[in-house]
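The structure under discussion appears below in the form of structure tokens.
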Amino acid sequence: MLDLNFIREHPAEVKEALRKLHTDAPIDAILQYDEERRQLLTESEALRARRNAVSKEMGTLQRQLKKAQGAERERLQSHFAEMREEMRQVGERIKAIEERINDVEAQLRAAMLEVPNLPHESVPPGADESENVVVRTEGEPRAFDFEPLPHWDLGPMLGIIDFERGVKIAGTRFYVLKGWGARLQRALVDWMLDLHVNEHGYTEVYPPFLVKQDCMWGAGQFPKFRENVYYDTEDDLYLVPTAEVPLTNLHRDEVLEPGTLPLYYVAHSPCFRREKMSAGRDTRGIKRVHQFDKVEMYKFVEPHTSYDELEAMVNDAEDVCRRLNIPHRVVQMCTGDLGFQAAKKYDVEMWAPGCQEWLEVSSISNCEAFQARRANIRYRPAKGEKPQFVHTLNGSGLALPRVIIAIMENYQQADGSIVVPEVLRPYMGGITVIK
RNA sequence: GGAGGGAUGGCCGAGUGGACGAAGGCGACGGUCUUGAAAACCGUUGUGGCGGCAACGUCACCGGGGGUUCGAAUCCCUCUCCCUCCGCCA
């Protein structure tokens, strides 16, 4: 959510920024609702002030009435009745105006929730992903003396990925990891969590994987990704599409006291996505599936530090690639590919020689105060000062089935076996090859 | 799932439909006293909206929402959460 004051004071700037994002949002409606809301508010408050004053008088009058006698009593009584009648009418007007205010506020809020975040000035302009910018590439693609196979061939050959049974159990885009495949995933999760906790300073979190609807709005998943989440209608609970959702909401409606920031969290969670919007894309293998595991990094920071924190988080994700010894590159999203929440975003991609493509294994965003405003997460800069919105950042560290793809395809040997990356061997019972 | 009990400021805790943004206490902050500290005493001590350059004014907020009333922390309905007991359960 953007700052309403900012929209009010710089409407042209906001509209220009939205043009760069190649999206649209109901800015004029927002301005109109805002104007009407403030007008109505002034009116109802004046009426309330009047009612408060008269009510006070009536209290005093009633006490006098108890002692009064004869004509004096009657005079007071009729005065009281007059006031009561006037206040009854004032009450009705207040009620009518406030109904209208509720209505306008609901529409204003709904419109505000539709507006995406605005891009940071350092974001390159561009219409879509074709105009993203490769910032750097690290690591040399391995030279094969045989034709490297894609993971959808290697997996079944080794008996570590079972596509047919996944489909039998849960339908298309589901899969089963078995034996060393399942173990490889568990090893990766453990190793990545240990890395971020021990060397990058994050605190491990085990959050709920089902969340209330508020959380989806707070993290900015709704309204845009409504179609893409699984949910339980009976209890109105939503399966998390990423641990970013519960992590964002960890400090919802809180004021963090001075000295608390920055907060770094890391959580492993399953992620559930219906992938409705991507129907028909990436149908082979485990690149795009309905259920996958991910290790997610999340930061709550003071605004003036958030862009340094973003670079640091990108580095934390790259560190995973480096230690696995898999070539990767960092891509900066252009304005047209920023998504809904981010002011600035990088993707980290691993090279997959089997399917011959760069696999997005991480997406790292600075959301600035966008999520903080939606979820009402503030901090107190110093004792006695007013609370302000924090900046939030999120990034995968990393997304699992894709890292498994990259390991399988990069570490495969001519006989179809897969060498276990050195850093993972302690987590794999010491084995060196999956065969 | 069943039966009861509860939710008031940073915390504890009072509150008869009008004097209540709310007693009292604790804590925190400022001050007096003191060489310094403690104690004692005095004072301050929430958030948000709207208007205003500002001082300030005004409105809202006693778990959330609705209702009754001229007027609600107080009465009614409803939801949520917490506690106790019973049942079930990894």
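Note on naming: letters A, B, ... go to the chains in the order of the sequence lines (proteins, then strands), and numbering restarts at 1 for each one.
Taking the six-membered ring where tryptophan is involved, the planes of A:Tyr298 and A:Phe300 are tilted, since the angle between them lies from 30° to 60°.
The base-pairing partner of B:G17, taking Watson-Crick or G-U wobble contacts with both distances under 3.5 Å, does not exist among the strands shown. The base-pairing partner of B:A60, taking Watson-Crick or G-U wobble contacts with both distances under 3.5 Å, is B:U47. Applying the Watson-Crick and G-U wobble criteria (two distances, each under 3.5 Å), B:C81 pairs with B:G6. Pairing for B:A23 is absent, judged as Watson-Crick or G-U wobble with the two contacts each under 3.5 Å. Across the strands present, B:G30 finds its partner in B:C42; the criterion is a Watson-Crick or G-U wobble pair with both atom distances under 3.5 angstrom.
Aromatic rings of A:Tyr231 and A:Tyr238 (six-membered ring for Trp) have centroids within the 6.0 Å cut-off, being under it. Between A:Phe340 and A:Phe225, the distance from one ring center to the other does not fall under 6.0 angstrom.
Here, B:C75 and B:G87 have their C1' atoms 36 Å apart, quoted to the whole Å. Here the separation of B:G27 from B:A39, taken at their P atoms, is 8 Å to the nearest Å. For the P atoms, the distance from B:G67 to B:U74 is 14 Å, rounded to whole Å. B:U16 and B:A72: their C1' atoms are spaced 14 Å apart (whole Å). With P as the reference atom, B:G15 and B:C86 are 31 Å apart, rounded to whole Å. The separation of B:A38 from B:U45, taken at their C1' atoms, amounts to 23 Å, rounded to a whole angstrom. Nucleotides B:C41 and B:C26 place their P atoms 9 Å apart, quoted to the nearest Å. One P atom belongs to B:G6, the other to B:C77, and the distance between them is 14 Å to the nearest Å.
Note on A:Lys212: nothing from the nucleic acid sits closer than 4.0 angstrom, heavy atoms only. Within 4.0 Å (heavy atoms only), A:Met83 reaches no atom of the nucleic acid at all. Within the 4.0 angstrom heavy-atom criterion, no nucleotide atom of any strand lies near A:Arg50.
Of the candidates B:U68, B:G71, B:C50, the closest approach to any side-chain atom of A:Thr42 belongs to B:C50. If you check B:C59, B:C50, B:G18 against the side chain of A:Met58, the one that comes closest is B:G18. For A:Pro387, counting side-chain heavy atoms from C-beta on, the closest listed nucleotide (B:G48, B:G51, B:C59) is B:G48. Among B:G18, B:G48, B:C70, the nucleotide with an atom closest to any side-chain atom of A:Gln62 is B:G18.
Side-chain N/O atoms of A:Glu45 and base N/O atoms of B:G49 include a donor-acceptor pair closer than 3.5 Å.
Look at NZ on A:Lys386: it is 7 Å from P on B:G49, rounded to the nearest Å. Atom CZ of A:Arg51 is separated from atom C1' of B:G71 by 7 Å (rounded to the nearest Å). Following rounding to the nearest Å, A:Asp34 (CG) and B:G49 (P) show an atom-to-atom distance of 12 Å. In this structure, CG of A:Asp236 is placed 14 Å from C1' of B:C79, rounded to the nearest angstrom. The distance from atom CG of A:Leu40 to atom C1' of B:G49 is 14 Å, rounded to the nearest whole Å. Atom CZ of A:Arg84 is separated from atom C1' of B:G17 by 14 Å (rounded to the nearest Å). One interatomic measurement links the two molecules: CD1 of A:Ile94 to C1' of B:G71, which rounds to 11 Å at whole-angstrom precision. Note: CD (A:Glu257) to C1' (B:G46) measures 12 Å, nearest angstrom.
Around atom CZ of A:Arg165, no more than 12 heavy atoms belonging to other residues, nucleotides or ligands sit under 6.0 Å away.
Classification of A:Arg38 and A:Asp34 as a salt-bridged pair holds, one side-chain N sitting under 4.0 Å from a carboxylate O.
The ring-ring contact (aromatic ring centres under 6.0 Å, His included) search around A:His268 returns none, not counting sequence neighbours.
Checking A:Gln39 against A:Glu43 by side-chain atom types alone, no donor-acceptor pair falls below 3.5 Å.
Taking side-chain N and O atoms only, A:Arg88 has no distance below 4.0 Å to OP1 or OP2 of B:U69. Contact annotation: A:Arg48 does not reach the phosphate of B:C61 (side-chain N/O to OP1 or OP2, under 4.0 Å). Remark: A:Asn52 is not in phosphate contact with B:G71, judged by side-chain N or O atoms under 4.0 Å from OP1 or OP2.
Remark on RNA chain B: of its neighbouring residues A:Arg37 and A:Lys95, the 5'-side contact belongs to A:Arg37, judged by nearest-heavy-atom nucleotide.
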